[in-house]
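All remarks here apply to the structure that follows.
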Amino acid sequence: MKKLLKFTGLFLIVLLFAAGSLLGYLTVDEYKPDGVEEIEITGEALAEISPGKESRMMIWNIGYGALGDNADFFMDGGRMVYSADEERVRENLRAISDKITEVNPDILFLEETDRSSSRSYFMDELQTIIDETDCAASKGQSTFAPNYKVAFVPLPIPPIGKVYAGLGTMSAYKLSSAERYALPCPFSWPLRTINLKRCLQVMRAPVSGSSKELVLINLHLEAYDEGEGKIAQTNMLKEIMLNEINKGNYVIAAGDFNQTFSNTDTSMYPCLEGMWESGIIDTGDFGSELDFYSDNTVPTCRSLDRVLIDAADKDPQHFQYYMLDGYIVSSNVEVKEVKTLDLGFKNSDHNPVVMRFELKAE
């Protein structure tokens, strides 16, 4: 008995030392970006966007290539941590690239894009999509803003491991600058050390024949907070957009808001009992200079509490769907169409949303 107690005590000491060492390492190594950071623009785009010329924009949370219809996820009530093997990740990325090529956007926003993560087998997904996509945006410039950068996420079991992921943008139009704006983080230490550090990816494109700029904002707002994080991040987004409007610029913010616009009818996608409920962005709080667009004929996101291919009933009355992805544009941008592409969530837990627009002449 004494030997057992001694062994147990020694084991607990070693375990506590290992846990303390890991927490110390994560604390020292914590990603702490500045409030505003310049980010690199690669590639070459000679054309400038022009007023009166129609352009096509596409937004897509690609679920790091691992959240197809075969996946559930532990944070949504499922069981999986690693939700796809390497071949399925490659298959998802190929299908995503093929759809982007088909749509042929001039501007492409991607969210949940891994560059070197355990969960996606350390593939550089942004570069993979650039290489495998034949479209106007991928032939131009690209830029990347990290929002998840942790050397090792020890939770759950098996652990998530290394994550380096963020927001990727491609543009057929010349970008004069790109910056990362840090968003408020609702998590405190020690949870903060292994969590996302959300951001806005803010890019400026010169407008041909004008002193104005088109300000493009790629985003992926908070998901798993108690609500205060999304509110603070949305308020910061609003302030930045209104400031650019006051300068006379054109502004488009788009991506995964993890919230629903109040002007969107979501009655066909009711929140089922026990499921995660998205927040609401009150469009009236943004004033008359900003317009909100989404397409509710198709849901933009599905729950990951269970796999989709084995769901007994995919009807919205029995399976949870959401409207989380869309566009906010300044009133000097004329929106021709916003359409959610119904891909059946085969290769991501989000559907892409495409917008046709043009800048109004001065």
Side-chain angles (χ1 to χ4, degrees), residues 8-40 61 63-64 66-67 73-83 111-126 143-168 178-202 218-237 256 258 276 304:
T8 302
L10 181 61
F11 175 77
L12 290 175
I13 290 172
V14 171
L15 186 64
L16 288 172
F17 177 78
S21 298
L22 178 59
L23 182 57
Y25 171 75
L26 292 172
T27 300
V28 172
D29 192 58
E30 182 184 355
Y31 179 43
K32 296 178 179 178
D34 293 335
V36 179
E37 295 181 342
E38 183 178 354
I39 50 180
E40 182 183 11
N61 181 330
Y64 51 91
L67 297 178
F73 188 57
F74 76 99
M75 288 293 286
D76 278 8
R79 297 173 298 172
M80 299 181 189
V81 178
Y82 279 58
S83 52
E111 296 86 45
E112 289 197 20
T113 309
D114 279 1
R115 304 299 302 270
S116 179
S117 301
S118 303
R119 62 191 184 181
S120 54
Y121 307 92
F122 302 98
M123 298 180 200
D124 186 340
E125 296 183 339
L126 180 62
T143 184
F144 177 79
N147 63 12
Y148 203 3
K149 190 177 181 181
V150 182
F152 184 77
V153 180
L155 302 173
I157 301 298
I160 294 173
K162 180 186 177 183
V163 183
Y164 180 52
L167 310 173
E179 293 177 311
R180 183 194 189 281
Y181 282 59
L183 288 168
C185 179
F187 303 105
S188 56
W189 185 90
L191 186 58
R192 186 189 65 221
T193 64
I194 58 172
N195 224 305
L196 285 88
K197 301 298 172 61
R198 307 274 181 174
C199 68
L200 304 176
Q201 186 186 35
V202 181
N218 190 354
L219 58 87
H220 185 192
L221 302 187
E222 204 61 63
Y224 297 112
D225 67 316
E226 296 298 323
E228 73 283 357
K230 283 188 279 288
I231 293 171
Q233 292 170 5
T234 303
N235 286 337
M236 181 174 168
L237 170 66
D256 180 357
N258 272 312
W276 178 82
L304 287 165

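Just so you know, these numbers use all the heavy atoms, side chains as well, and skip hydrogens, waters and symmetry mates. Positions are given from 1 along the sequence. Quick caveat: nothing in here was measured; it's all calculated off a predicted structure.
To the nearest 0.5 Å, the span separating CG on N147 from SG on C185 amounts to 11.0 Å. Atoms CG and CG, from L196 and D225 in turn, are 11.5 Å apart once rounded to the nearest 0.5 Å. Considering CG of L200 and CG of L183, their distance stands at 4.0 Å, rounded to 0.5 Å. Interatomic distance, OH of Y31 versus CG of N195, reported as 14.0 Å (0.5 Å rounding). Atom CZ of residue R119 and atom CG of residue L67 lie 8.0 Å apart, to the nearest 0.5 angstrom.
When atom types are taken as modelled, the side chain of K197 and the backbone of P33 share no donor-acceptor pair closer than 3.5 angstrom. Looking at T193, its side chain never comes within 3.5 Å of a backbone N or O of T27 through a donor-acceptor pair. The closest donor-acceptor contact from the side chain of Q201 to the backbone of T143 lies under 3.5 Å. At least one donor-acceptor pair closer than 3.5 Å links the side chain of Q233 to the backbone N or O of E222. A donor-acceptor contact shorter than 3.5 Å is absent between the side chain of R180 and the backbone of C199. Using a distance-only test at 3.5 Å, with no hydrogens or angles considered, no donor-acceptor pair links the side chain of D114 to the main chain of E125.
Applying the side chain to side chain donor-acceptor pair (under 3.5 Å) criterion to Y82, with sequence neighbours excluded, gives no partner residue. The side chain to side chain donor-acceptor pair (under 3.5 Å) test applied to S118 returns no partner, not counting sequence neighbours. Annotation: side chain to side chain contact (heavy atoms under 4.5 Å, CB included) contacts of D76 (sequence neighbours excluded): Y224, L304. The side chain to side chain contact (heavy atoms under 4.5 Å, CB included) check on I231 picks up N235, with sequence neighbours excluded. Residues meeting the side chain to side chain contact (heavy atoms under 4.5 Å, CB included) test with E179, sequence neighbours left out: V36, Y181.
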Q.
Using side chain to side chain contact (heavy atoms under 4.5 Å, CB included), reason through L26 and V150 one step at a time and then give a plain yes or no.
A. CA-CA 8 Å; L26 292 172; V150 182; 4.2 Å; yes

Requested in this report: For F187 and I194, run side chain to side chain contact (heavy atoms under 4.5 Å, CB included): C-alpha distance rounded to whole Å, both residues' side-chain angles, the deciding distance at 0.1 Å, then the answer.
Outcome: CA-CA 10 Å; F187 303 105; I194 58 172; over 6 Å; no

| CA sep, side-chain torsions, deciding dist, call: F74, I160, side chain to side chain contact (heavy atoms under 4.5 Å, CB included) | CA-CA 11 Å; F74 76 99; I160 294 173; 4.1 Å; yes

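Put simply, the side chain of F73 does not reach to within 4.5 Å of the side chain of S83, judged on heavy atoms. You'll find the side chain of L126 reaches within 4.5 Å of the side chain of R115, heavy atoms only. You'll find the side chain of P186 stays beyond 4.5 Å of the side chain of E226, heavy atoms only. Between N218 and E111, the closest side-chain pair of non-hydrogen atoms falls below 4.5 Å.
Here the closest non-hydrogen pair linking P184 and M236 is CD-SD, 3.8 Å. The shortest heavy-atom contact between G166 and F144 is N-CZ, 3.5 Å. Taking each heavy atom of P159 and P154 in turn, the nearest pair found is CB-O, 3.4 Å.
Here side-chain hydrogen bond (donor to acceptor under 3.5 Å, both in side chains) pairs that include residues 148-165, with residues two or more places apart or in two chains, are S116-K162.
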